[in-house]
Participant: 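Sending over a structure as structure tokens; questions will come in a sec.
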Amino acid sequence: SKLELNCADSFGGDSMATIKAAILGFGTVGQGIYNIVNEKREDLKKSLGLELEISAILVNNVGKERMATPGVLVTDNFEDIINIPGLQVVFEAIVNEEPAYNYLCRAIDKGCHVITANKVMFSKYSIPLHERAKSRGVFIGYEATTAGGVPVIKTLKNLLQVNSVKRIQGILNGTSNYILTQMRQDECPFDDSLKEAQDLGYAEADPFNDVSGQDAFRKLMILSALAFKKQPTWNDVRVVGIDEISLEDVRKAKEQGLRYRHVAEIEQDENGELYASVGPQLVGPDHPLYSIEGVNNAVALDTNYIGTLTLVGPGAGMYPTASVMVEDYAEIIGKRAGFFITI
Ligand code: NDP
Ligand code: HSE
């Protein structure tokens, strides 16, 4: 749906030179946002005509040793954040559905634009969040929720203006693909490969969702909501992870010239019914996902006019993820003079 509004109001008019933002969560992604905002401060100021100031950071444990953030309030109390006078943007990079959903609802109600990386929360609450944002005249950025640094959300939004999507197939979890690649290339055992993915900032703090397929499933549901304007019934979708694949399985596949890939796919039939599945597949050299290695994700979009469009790139990690969140910010600010919002 489309909505015309004048976002200058929510930025306090053109006279205001500084945008005040808060970051919820200061782990891999939150720190990446902070670093990029600082590195790109002057460039963003020049291109957008406004300065972005990180006013506050929300964490769980204020006593934890972490990088210095001079002049920034670091708190474990969301009330300190939501009561910042003139707060305009909230970057959300915490985990789980709650309290993230509640925090974003409150931020929207206050008139803040919100930019989230939290796919567990967003896959469930994208519709009420969009409705809330629409009624309040603010934007939601969620590029980072799906496929990390791969710009699949903005690509989909753009092509859906003319094309329709029939099928989406992809590798949507960087940790799983990294583990499968390490097991095959280096014969590195599953647990050691997972540990590497955690050390590199790819895996979730609790990697259950990564290796059980649930993370890829949530991302597929976000793509479904955007591409088909609905999701299949979650319980009808068979979701299998990579946690049952042994080094011996990977070795045998390699001998046959095959590779394990963790594939998420969804298709709409002519009656509008959606069929989705998430799980490992053995693919040969002629399969488009065969060459996708390491932390990379790939998303193939089958469309009526373009044909098949495939996007490939880093699906997890500090800078790929944080950079698309700052891009969302730049896009939102760019629209503030009052154009069309597509949700
Ligand atoms: P981390 O575990 O590295 O960091 C999470 C941060 O959130 C920590 O700073 C933690 O505080 C804080 N936090 C967690 N729960 C709460 C809470 N209830 N209240 C306040 N603060 C809280 O996670 P990531 O940075 O890796 O991921 C953040 C989000 O981004 C997740 O939703 C994840 O799924 C998503 N994401 C991650 C990607 C990645 O590559 N890592 C890529 C795309 C999305 P404290 O530091 O005190 O523990
Ligand atoms: N843990 C996730 C992954 C992060 O490995 O894909 C990106 O959403």
Side-chain angles (χ1 to χ4, degrees), residues 22-35 56-67 69 74-82 90-104 115-124 141-150 152-153 170-181 193-194 196-220 222-223 241-242 262 264 278 292 294-299 313-325 328:
I23 303 175
L24 312 186
F26 207 54
T28 304
V29 177
Q31 289 178 40
I33 297 166
Y34 181 83
N35 290 339
I57 291 168
L58 183 76
V59 293
N60 240 341
N61 175 5
V62 279
K64 201 189 253 182
E65 201 176 319
R66 53 183 97 238
M67 63 181 279
T69 53
V74 178
T75 177
D76 59 1
N77 185 353
F78 183 69
E79 301 310 314
D80 295 341
I81 304 257
I82 201 69
V90 170
F91 292 97
E92 189 256 315
I94 61 176
V95 289
N96 296 329
E97 289 171 12
E98 292 293 356
Y101 177 57
N102 177 268
Y103 290 168
L104 292 196
I115 298 164
T116 182
N118 183 344
K119 60 264 169 165
V120 171
M121 179 279 303
F122 196 73
S123 54
K124 186 158 174 191
Y142 62 101
E143 185 68 66
T145 60
T146 306
V150 180
V152 62
I153 301 297
I171 293 173
L172 296 178
N173 183 263
T175 299
S176 294
N177 207 52
Y178 182 84
I179 292 171
L180 292 173
T181 304
S193 303
L194 172 58
E196 281 179 23
Q198 287 174 307
D199 292 345
L200 289 162
Y202 303 154
E204 305 296 309
D206 175 355
F208 172 79
N209 282 353
D210 290 307
V211 299
S212 66
Q214 284 300 323
D215 179 82
F217 167 71
R218 293 293 183 122
K219 291 165 177 166
L220 190 67
I222 292 171
L223 294 179
I242 61 157
H262 189 254
V278 177
I292 310 303
V295 72
N296 279 337
N297 282 189
V299 193
M318 177 183 278
Y319 288 110
T321 308
S323 80
V324 299
M325 296 182 80
D328 275 350

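Residue numbers start at 1 and run along the sequence shown. As the structure lists them, so they are numbered: ligands from 1, and atoms in each ligand from 1.
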Participant: For K219, take its heavy atoms, then give the atoms of ligand 2 lying under 4.0 Å from any of them.
Facilitator: 2 (C), 3 (C), 6 (O), 7 (C), 8 (O)

Participant: Using non-hydrogen atoms of the residue, decide whether G315 is closer than 4.0 angstrom to ligand 2.
Facilitator: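 Heavy atoms of G315 do come under 4.0 Å of ligand 2.
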
Participant: Could you tell me the residue and atom name of the protein heavy atom closest to atom 8 (O) of ligand 2, and the distance to it rounded to 0.1 Å?
Facilitator: K119 NZ, 2.6 Å

Participant: Using side-chain heavy atoms (C-beta onward) and a distance below 4.5 Å, is P207 in contact with L194?
Facilitator: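 Answer yes - side chains close enough.
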
Participant: Can you tell me if N173 and Y202 form a side-chain donor-acceptor pair at under 3.5 Å?
Facilitator: no

Participant: Can you check whether L172 reaches V299 side chain to side chain, under 4.5 Å on heavy atoms?
Facilitator: yes

Participant: Taking only heavy atoms of Y202, which atoms of ligand 2 are found under 4.0 Å from at least one of them?
Facilitator: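 In order of numbering, the contacting atoms are 1 (N), 2 (C), 3 (C), 4 (C), 5 (O).
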
Participant: At a 4.0 angstrom heavy-atom cut-off, what protein residues surround ligand 1?
Facilitator: G25, F26, G27, T28, V29, L58, V59, N60, N61, K64, R66, A93, I94, V95, P99, A117, N118, K119, A144, G201, E204, A205, A316, G317, T321

Participant: Ignoring angles and geometry beyond distance, decide whether T145 reaches within less than 3.5 Å of ligand 2 through its nitrogen or oxygen atoms.
Facilitator: no

Participant: Is there a donor-acceptor pair under 3.5 Å between the side chain of N177 and the backbone N or O of G294?
Facilitator: yes

Participant: Say whether G174, considering both its backbone and side-chain N or O atoms, lies within less than 3.5 Å of an N or O atom on ligand 2.
Facilitator: yes

Participant: Would you check if there is a donor-acceptor pair between the side chains of E196 and Y178 at a distance under 3.5 Å?
Facilitator: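 Side-chain D/A pair, Y178 to E196: present.
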
Participant: In terms of atom number and element, which parts of ligand 2 are under 4.0 angstrom from non-hydrogen atoms of D210?
Facilitator: 1 (N), 2 (C), 3 (C), 5 (O)

Participant: If only atom types and distance count, is the side chain of E98 paired as donor or acceptor with the main-chain N or O of N102 below 3.5 Å?
Facilitator: yes

Participant: Taking the side chain from E97 and the backbone from M121, do they hold a donor-acceptor pair closer than 3.5 Å?
Facilitator: no

Participant: Quick check against the 3.5 Å criterion: does E92 have a side-chain atom that pairs as donor or acceptor with the backbone of I94?
Facilitator: yes

Participant: Quick one: does L220's side chain get under 4.5 Å of V278's, heavy atoms only?
Facilitator: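 Yes; the side chains approach each other to less than 4.5 Å.
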
Participant: Looking at CD1 of I171 and CG of N297, how far apart are the two atoms once the value is rounded to the nearest 0.5 Å?
Facilitator: 7.5 Å

Participant: Report the nearest protein non-hydrogen atom to atom 3 (C) of ligand 2: residue, atom name, distance rounded to 0.1 Å.
Facilitator: N173 ND2, 3.3 Å

Participant: Report, in ascending order of atom number, the atoms of ligand 2 lying under 4.0 Å from any heavy atom of E204.
Facilitator: 1 (N), 2 (C), 4 (C)

Participant: What residue and heavy atom of the protein are closest to atom 5 (O) of ligand 2, and at what distance?
Facilitator: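 Protein heavy atom with the smallest distance to atom 5 (O) of ligand 2: T175 OG1, 2.6 Å.
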
Participant: Does E204 have any side-chain hydrogen bond (donor to acceptor under 3.5 Å, both in side chains) partners at least two apart in sequence or in another chain, and if so, which?
Facilitator: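 Here the qualifying residues are K119.
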
